[in-house]
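Predicted, not measured: the structure shown is a model, and the values here were computed from it.
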Amino acid sequence: MATNPGPLTEWPWKKLGNFKYLLVAPWVLHGWYLAATKGWRAADPGYLAIFPSLLLRAAHNQAWITASRVQNARSRRQIVADRGIEFEQVDRERNWDDQILLSGILLYLGALYMPGGQHPPLWRADGFLLIALLHAGPVEFLYYWFHRALHHHFLYTRYHSHHHSSIVTEPITSVIHPFVELVAYEVLFAIPLITCALTGTASILAFEIYVIYVDFMNNMGHCNFELVPSWLFKWFPPLKYLMYTPSFHSLHHTQFRTNYSLFMPFYDYIYNTMDKSSDALYEKSLKAKEDTVDVVHLTHLTSLQSIYHMRPGFAEYASKPYTSKWYMRMMWPVSWLSMVLTWTYGTSFAVERNIMKKLKMQSWAIPRYSFHYGLTWEKEAINNLIEKAICEADKKGAKVVSLGLLNQAHSLNGNGELYLRKYPKLEVRLVDGTSLAAAVVVNSIPQGTYQVVLAGNISKVARAVTAALCKKNVKVVMTNKQDYHFLKPNMPEDAAENLLFSKTPTAKLWLIGEGLDASEQFKAQKGTQFIPYSQFPPKMVRKDSCTYSSTPAMSVPKTLQNVHSCENWLPRRVMSAWRIAGMVHALEGWNEHECGDSVLDMEKVWSAALLHGFRPIAQV
């Protein structure tokens, strides 16, 4: 919202939520009806082309969002790199498609009632030339002075400050304005289109090219990475007056009182409002290389729909804990195609970049889905991908690589020990996060608890949790006899007596891992609290007053910046213990690895995490 919101700030269909898309449904259905009854040749082609145009614009904008976020994760050619994007900005910009919806409504009205707006031909060169001249002349001139007026205190505080709330811009920032301000822009951009219609020179392709041009330039100007090559301006020097660059407009968002032009900077040159550092920032941004990285967290895709939940996917979807959506399931052809493409992609890719104090962190995704990790014939390929990522992080000077999700599976690589055996002189430290994950589980157990049940596959975390609890004289009851006999000999002598076996446990606190089926959960009493020690959340089959805690995770401090997507199913600004373990390892400067059979001192790791501002979820 603006600092002091003025009249007509709110969008009229805000309360409709996703039902707002039904506003254009009558016109879409009307167009299909005309095509069905009159035939495609007799129906108005301009009228029928509006809906596909709206879909194309939405896809175009999404492509820019993905490209911008990939560049942000890689930190290559970043313009504003010392600040991050937060959830508040994502929430503020989630209605970016309102502008497309408004344009669609206006185009439908124009196609029905505007003189000259009916049955336009596919192409007219004179109309296209007229649009270009009217944009370069009246549109750019009027926008420049309207934009300067919006920066007057009266209009800025009531309207335009909403747009400028985003210092670090994303492509969709370009259309985030109060309703009445965006209506004014629509009227401004309609000047060439209305003129063409009234003069009888309108055409479908000319209109579409102009609309895509406006979207393209808007998205480019707000993408926050420099992509316009310098040879363009060397080849045609006057181009600097006819086309702005992302760095040119970025200065307007950081300096506020310069670079007011729409897409053509010549009015800033004429009226002496061009920022004097524009050229220098452009050259600097072009030369900016990928930033150094201190910590790399290796993750992977989970379900087919998880590709959309990753940070470069759908911004609003990624800003909330992952859940399967019906409209995402409808996109299964695209999901399967993305799976094939990622499967053929031969290297990990950056999906997120964060900064904490002076520590620079990135999350890299192994191009495989969860089900791939269960395929025997994929084991070697996955290990090669992880090994390649570790070597790349080592080459880039990273201090720590943390292994997330199934990238540290014992059946895959022995909790990372495979890579240490292959590269004994590895300088980067490998961390599987067992100590912190186990510490989170142990500290989630209420004070005064004297007995817990341990059920599910016995992982490295389960062994660490069991040993820690038994040392504290907490009875750990196991329900699987085979797992009990496997774990009992590995327990410290002074704590082994606290590890018990029972087929009918009575404790109301269960520590659960992977492999626990529904029938096993129903052995628990009513009111049982289930605390997972697994990477993945359990199936919540008990609805009879039983509660399920989160997988081992902690909330992150405010000093951790550029956090605007959720890590899988976890809430906002909450990260898995395995990921945080890598950060703590680097912040403390520890030199040892934590993989294979090695487990760091749980108390030391837990205290260090708290010292750096990470908190148990219950304390948030």
Handout entry: Stepwise side chain to side chain contact (heavy atoms under 4.5 Å, CB included) test for T299 and I366
Key = CA-CA 6 Å; T299 184; I366 299 297; over 6 Å; no
Would [X] and [Y] count as a close aromatic pair, with their ring centres under 6.0 Å?
{"X": "H163", "Y": "H252", "answer": "no"}
{"X": "F530", "Y": "Y548", "answer": "yes"}
{"X": "F87", "Y": "H564", "answer": "no"}
{"X": "H162", "Y": "H177", "answer": "no"}

I need the minimum non-hydrogen distance between [X] and [Y], along with the two atoms involved.
{"X": "A577", "Y": "V440", "value": "CB-CG2, 4.1 Å"}
{"X": "G527", "Y": "C546", "value": "N-SG, 3.8 Å"}
{"X": "M491", "Y": "L499", "value": "CG-CD2, 3.8 Å"}
{"X": "P532", "Y": "V441", "value": "O-CG2, 3.8 Å"}
{"X": "M540", "Y": "K543", "value": "O-NZ, 3.1 Å"}
{"X": "N562", "Y": "N354", "value": "O-ND2, 3.0 Å"}

Indicate yes or no: at least one non-hydrogen side-chain atom of [X] is less than 4.5 angstrom from one of [Y].
{"X": "M356", "Y": "L587", "answer": "yes"}
{"X": "E93", "Y": "E170", "answer": "yes"}
{"X": "V453", "Y": "L511", "answer": "no"}
{"X": "L385", "Y": "P367", "answer": "yes"}
{"X": "V452", "Y": "I531", "answer": "no"}

Exercise for the section: For atom CZ of R94, decide whether the heavy atoms of other residues, nucleotides or ligands shown that lie under 6.0 angstrom number more than 12. Expected result: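 For R94, atom CZ is not crowded (no more than 12 foreign heavy atoms under 6.0 Å).
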Practice task
Before giving the answer on salt bridge (Lys or Arg N to Asp or Glu O under 4.0 Å), spell out for D432 and K460 the whole-Å C-alpha distance, their side-chain angles and the decisive distance to 0.1 Å.
Solution key: CA-CA 10 Å; D432 65 12; K460 185 180 175 183; 2.6 Å; yes
Exercise for the section: Quick one: pull up OG1 in T528 and NZ in K526 and give me the separation to the nearest 0.5 Å. Expected result: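 One finds 11.0 Å between OG1 of T528 and NZ of K526.
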Which residues pass the ring pair (Phe, Tyr, Trp, His ring centres under 6.0 Å) test with [X], not counting sequence neighbours?
{"X": "H593", "result": "none"}
{"X": "F536", "result": "W569"}
{"X": "Y345", "result": "none"}
{"X": "H612", "result": "none"}

Is a side-chain N or O of [X] found less than 3.5 angstrom from the main chain of [Y], in a donor-acceptor match?
{"X": "E594", "Y": "S402", "result": "no"}
{"X": "Y369", "Y": "S306", "result": "no"}
{"X": "R542", "Y": "Q521", "result": "yes"}
{"X": "S555", "Y": "R615", "result": "yes"}

Problem - Parallel, tilted or perpendicular: rings of Y308 and F314 (30°, 60°) - result: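 Answer is parallel, since the angle falls under 30°.
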Exercise for the section: Go through Y373 and H300 one step at a time and tell me if the ring-ring contact (aromatic ring centres under 6.0 Å, His included) criterion holds. Expected result: CA-CA 10 Å; Y373 288 76; H300 62 78; 4.4 Å; yes
Problem - salt bridge (Lys or Arg N to Asp or Glu O under 4.0 Å), paired with E352, selected from R69, R579, R311 - result: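 Only one option passes, and that is R579.
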Result block: side-chain N/O donor-acceptor pairs under 3.5 angstrom for residues 323-332, not counting sequence neighbours:
unit_1	atom_1	unit_2	atom_2	d
S324	OG	Q305	OE1	3.3
S324	OG	Q305	NE2	3.1
S324	OG	R329	NH1	2.8

Practice task
Could I get the full list of side-chain contact (heavy atoms from CB on, under 4.5 Å) partners for D601, not counting sequence neighbours?
Solution key: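 Per chain and number, D601 pairs via side-chain contact (heavy atoms from CB on, under 4.5 Å) with E603, K604.
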Exercise for the section: Could you go through the side chain to side chain contact (heavy atoms under 4.5 Å, CB included) check for K523 and T479 one step at a time? Expected result: CA-CA 10 Å; K523 292 181 181 179; T479 59; 5.6 Å; no
Handout entry: Option from I617, L436, V584, L570 for which side chain to side chain contact (heavy atoms under 4.5 Å, CB included) with M554 holds
Key =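 Only match with M554 under side chain to side chain contact (heavy atoms under 4.5 Å, CB included): L436.
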